[in-house]
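These figures come from a predicted structure and were not determined experimentally. Each chain gets a letter, A, B and so on, in the order the sequences are listed, and its residues count up from 1.
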Amino acid sequence: MSDQMKDRMKDIVSLCKRRGFIFAASDIYGGINGFWDYGPLGTELKNNLRDRWWHDMVIAPPIGPDGTPISIVGIDSSIIQNPKCWEASGHVGGFNDPMVDCRESKKRYRADHVFVLTPKDGQGHAFAFDKDAQNEEIEKRLKKLAKNKSINDFDRESLDQIPAADFLNIIGPDVKMAGTLTEPRQFNMMFHTYVGATAGDENKAYLRPETCAGIFLNFKNVLDSSRVKVPFGIAQVGKAFRNEVTPRNFIFRSREFEQMELEWFCAEEDVPKWFDFWVEQRTNFWLSLGIPKSELHFLDVPKEDLSHYSSRTIDVEYRFPFAAPDFDELEGIAHRGNYDLTQHQEFSGEKLSYFDQQENKRFLPHVIEPSTGLTRGVLALICQAYTVDENRPSGVYLDFHPSMAPKKAAILPLTAKPHHVEPAQKLYMSLRDEFVVDLDIKQNIGKRYARQDEIGTPYCFTIDNETLEDHSVTVRDRNTMAQERIPLDKVKAFLREKIHGK
RNA sequence: GCGAGUGUAGCUCAGGGGUAGAGCAUAACCUUGCCAAGGUUGGGGCCGAGAGUUCGAAUCUCUUCACUCGCUCCA
């Protein structure tokens with residue numbers, strides 16, 4: 001990251017805090033790593049992005065390649081599911097082994113793959129070895145480091161059986177000094193909890209690490225209740241949790257985050273057609289929100305980097321300041337095959353196949369998954385909107401697309417006198433049912449414009465003496481700072497046109 | 001997790017073993033009011049937390065927490 005871009009991120013983070021977009025979670029307690037709270041404006045922004053996605057997916061889905069609207073329904077599944085779900089998805093198992101790090105050699109060991117020789121007489125250090133270590137090399141090492149003691153002078157134990165308090169006396173497998181091993185840690189990315197009052201392994205449960213599982217679990221329920229036919233989609237927006245080793249880059253990688261996921265179910269032979277369709281649709285989505293094509297990058301994920309279930313994935317990447325001049329992931333569009341339905345069918349014992357009456361055949365649909373980080377989208381919108389302009393008092397403004405801006409307009413009486421304030425209040429009341437608008441009366445007009453610039457309000461309506469004479473107001477455009485006069489009774493139509501384009 | 005750096009007001013920062021500072025923000029009031037204007041007044045911090053050294057610590061030492069960067073991790 002260049003210094004300039006480092007500063008840019010710092011400026012963005014501090015603006016977000018100063019103006020009430022995003023705060024550190026538990027701020028007054030010193031924060032908690034990897035968690036963030038959304039303030040008044042950040043919440044509006046996030047809701048705008050979420051609502052727009054929901055609208056474009058579920059309320060008014062795109063027109064398909066054949067010219068007719070496609071079919072998508074929405075669900076909202078539980079964050080905690082039966083733990084078997086995560087065994088089926090592959091999230092539990094294989095990654096549950098406690099690991100031990102060596103501070104000196106920088107190596108990482110599975111605790112059950114390391115054994116320890118503890119001196120029978122309790123004198124001197126204990127020695128750790130890789131489980132495959134041969135007697136010959138063990139003796140050699142002991143001769144060197146343990147004053148010619150031999151294997152017979154030691155008890156052998158697996159490292160995961162030894163209390164962490166005793167680690168200080170252990171010399172790691174690849175070093176010559178004691179006390180460099182960390183205590184064993186689980187490296188599972190899932191947060192776990194216990195369902196019910198007693199905390200035991202039998203009622204251990206997990207917070208979902210991705211929202212898509214809830215969609216697969218409800219595939220049959222939706223099929224049975226919604227009259228949908230393949231191809232169709234199920235959409236969901238919600239929180240997901242991953243115990244990231246290193247949360248980084250503001251809200252980009254956090255431990256609690258929000259996803260907007262669509263699972264598109266189709267026949268295997270139609271996969272290429274729909275894959276291209278969704279890449280195009282999702283690209284258009286970001287373009288329509290003001291992310292320019294030049295700041296987007298499409299990464300056809302190389303075979304060796306693909307998840308085990310995916311045969312093709314395209315990452316839609318955005319040039320986040322911390323990644324610039326490179327890009328980082330904003331959305332992934334993955335062909336998941338029928339891996340998920342296959343797994344859940346096997347683990348649950350429920351038949352999850354689809355019967356196509358016209359073709360008279362039964363099959364497990366393939367899945368194309370456009371999966372977006374809602375909170376990453378919010379960050380992309382903020383980064384893209386952040387515009388330095390030394391020619392204006394605020395020095396910076398947020399160039400949000402009007403439909404994304406947390407406040408659509410501010411209503412500003414030129415003075416705090418009743419003859420300006422009263423018409424302003426009237427205008428405010430007539431707009432607030434339909435638009436998120438601010439009524440700001442106090443302080444001089446320049447300061448109020450500047451404040452709206454900084455939070456990205458696209459329009460300011462000012463009530464002045466002319467308003468009293470001819471029922472017109474001035475509209476100030478955020479980006480150009482230019483003003484025009486429009487009739488009071490055209491304000492609503494003006495906003496509708498600017499925000500919805502109609 | 002490892003290594004380096006940082007932590008002082010809402011934000012950005014200065015200072016530095018002896019009574020906590022600036023700019024901006026924020027609140028109130030004034031004005032013949034269109035771009036952070038001028039004026040007056042106010043609120044806000046025991047200097048990230050804990051321990052130690054000292055007559056005395058925001059300042060020095062240690063521990064811890066958080067953040068930033070690099071590595072690692074991101075199935």
Side-chain angles (χ1 to χ4, degrees), chain A residues 1-3 5-7 9-20 23-36 39 86 89-97 99-109 180-190 209-210 242-250 252-255 257 305-310 322 328-329 332 373 389 391-397 412-417 419-420 442-454 460-467 473-478 480-483 485:
Chain A
M1 187 186 321
S2 69
D3 284 352
M5 284 300 121
K6 226 184 276 177
D7 291 346
M9 272 317 286
K10 271 180 82 174
D11 291 344
I12 287 172
V13 172
S14 86
L15 174 66
C16 281
K17 175 162 192 193
R18 188 154 40 87
R19 289 303 181 188
F23 310 120
S26 311
D27 205 5
I28 62 170
Y29 287 102
I32 173 167
N33 200 4
F35 298 89
W36 300 92
W86 308 114
S89 68
H91 288 89
V92 179
F95 295 91
N96 257 334
D97 306 301
M99 306 290 281
V100 168
D101 284 312
C102 176
R103 296 188 185 93
E104 187 66 19
S105 70
K106 311 287 184 204
K107 290 194 174 176
R108 178 170 288 173
Y109 314 93
T180 63
L181 295 180
T182 64
E183 59 184 272
R185 287 176 302 241
Q186 301 281 343
F187 272 75
N188 195 297
M189 298 281 295
M190 280 193 294
E210 53 186 25
R242 289 184 198 173
N243 212 344
E244 298 284 356
V245 177
T246 314
R248 276 292 155 86
N249 294 325
F250 198 28
F252 180 80
R253 176 172 294 137
S254 49
R255 291 182 164 133
F257 57 102
D305 294 341
L306 288 173
S307 313
H308 53 290
Y309 51 74
S310 180
F322 51 80
D328 219 329
E329 185 182 352
D389 178 2
N391 293 320
R392 68 175 73 203
S394 56
V396 64
Y397 64 101
L412 312 174
L414 187 56
T415 77
K417 296 284 165 55
H419 63 283
H420 287 157
K442 295 297 178 75
Q443 292 184 318
N444 78 70
I445 192 75
K447 284 193 180 188
R448 284 180 281 163
Y449 284 148
R451 189 162 37 225
Q452 297 299 332
D453 280 349
E454 238 185 1
C460 291
F461 300 109
T462 304
I463 280 66
D464 56 15
N465 287 334
E466 271 185 74
T467 309
V473 291
T474 65
V475 189
R476 173 188 181 272
D477 182 277
R478 173 194 63 207
T480 63
M481 296 167 74
Q483 285 181 306
R485 290 200 84 84

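- Qualifying salt bridge (Lys or Arg N to Asp or Glu O under 4.0 Å) partners for A:D389, counting only residues two or more places apart in sequence or in other chains: A:R392.
- Across all non-hydrogen atoms, the minimal contact from A:R255 to A:N33 is NH1-O, 3.0 Å.
- Nucleotides B:U6 and B:U41 are separated by 39 Å at their P atoms, to the nearest Å.
- If you take NE2 of A:H420 and C1' of B:C34, they are 11 Å apart, rounded to a whole angstrom.
- In this entry the distance linking CG of A:L15 with P of B:A25 reads 14 Å, nearest Å.
- For A:E329, the salt bridge (Lys or Arg N to Asp or Glu O under 4.0 Å) criterion is met by no residue, not counting sequence neighbours.
- Of the C1' atoms belonging to B:C46 and B:G18, the separation is 16 Å, rounded to the nearest Å.
- OP1 and OP2 of B:C74 both lie 4.0 Å or more from every side-chain N or O belonging to A:N243.
- The distance between atom CE of A:M190 and atom P of B:C74, rounded to the nearest whole Å, is 15 Å.
- The ring pair (Phe, Tyr, Trp, His ring centres under 6.0 Å) search around A:F257 returns none, not counting sequence neighbours.
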Side chain to side chain donor-acceptor pair (under 3.5 Å) assessment of A:Q452 paired with A:R476: CA-CA 11 Å; A:Q452 297 299 332; A:R476 173 188 181 272; over 6 Å; no
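- Separating the C1' atom of B:U40 from that of B:U31 is a span of 12 Å, rounded to the nearest Å.
- Residue-level contact check: A:F252 touches neither bases nor backbone, having no heavy atom under 4.0 Å from any strand.
- Atom CG in A:D27 sits roughly 10 Å away from atom C1' in B:A66 (whole-Å rounding).
- Each of A:E244 and A:F35 was assigned the nucleotide of RNA chain B with the nearest heavy atom; the assignment lying further toward the 5' end belongs to A:F35.
- Look at CD on A:Q443: it is 11 Å from C1' on B:A28, rounded to the nearest Å.
- Residues passing the side chain to side chain donor-acceptor pair (under 3.5 Å) test with A:S394: none are found, sequence neighbours excluded.
- B:U53 and B:C67 are spaced 31 Å apart, taking the P atom of each and rounding to whole Å.
- Separating the C1' atom of B:U54 from that of B:G70 is a span of 39 Å, rounded to the nearest Å.
- In this structure, CD1 on A:I32 lies 12.0 Å from OG on A:S254, to the nearest 0.5 angstrom.
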Protein-to-nucleotide contact annotation, 5' to 3' order, nucleotides 35-48 of chain B [B base; S sugar-phosphate only; - none; under 4.0 Å, heavy atom]: BBB-----------
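- The CG atom of A:D11 sits 19 Å away from the P atom of B:G10 (whole-angstrom rounding).
- To the nearest whole angstrom, the two P atoms, one in B:A9 and one in B:C47, are 10 Å apart.
- The phosphate of B:C13 has OP1 or OP2 within less than 4.0 Å of a side-chain N or O from A:K10.
- Checked against salt bridge (Lys or Arg N to Asp or Glu O under 4.0 Å), A:D464 has the following partners two or more places apart in sequence or in another chain: A:R485.
- Using a 4.0 Å heavy-atom distance criterion, A:G34 is classed as a sugar-phosphate-only contact.
- Taking CG from A:L412 and NZ from A:K447, the interatomic distance works out to 14.5 Å, rounded to the nearest 0.5 Å.
- Picking from B:C71, B:U12, B:C73 the nucleotide with the shortest atom distance to the side chain of A:S14 gives B:U12.
- Atom NZ of A:K17 and atom P of B:U12 are 8 Å apart (whole Å).
- Residues satisfying the side chain to side chain donor-acceptor pair (under 3.5 Å) test with A:Y449, not counting sequence neighbours, are A:T462, A:Q483.
- Take A:R19 and apply the salt bridge (Lys or Arg N to Asp or Glu O under 4.0 Å) test, not counting sequence neighbours, and it matches A:E454.
- Comparing B:A58 with B:U8, their C1' atoms sit 7 Å apart, to the nearest whole Å.
- Taking the C1' atom of each, B:A51 and B:A36 are spaced 46 Å apart, rounded to whole Å.
- Helical stems in RNA chain B, defined as runs of 3 or more consecutive Watson-Crick or G-U wobble pairs with donor-acceptor distances under 3.5 Å: B:1-7 with B:65-71, B:10-13 with B:21-24, B:26-30 with B:38-42, B:48-52 with B:60-64.
- Here the side chain of A:L414 is nearest to one of B:C67, B:C11, B:C34, namely B:C34.
- Checking the phosphate oxygens (OP1, OP2) of B:C29, a side-chain nitrogen or oxygen of A:K442 falls inside 4.0 Å.
- Counting to the nearest Å, the P atom of B:G1 and the CZ atom of A:R248 are 12 Å from each other.
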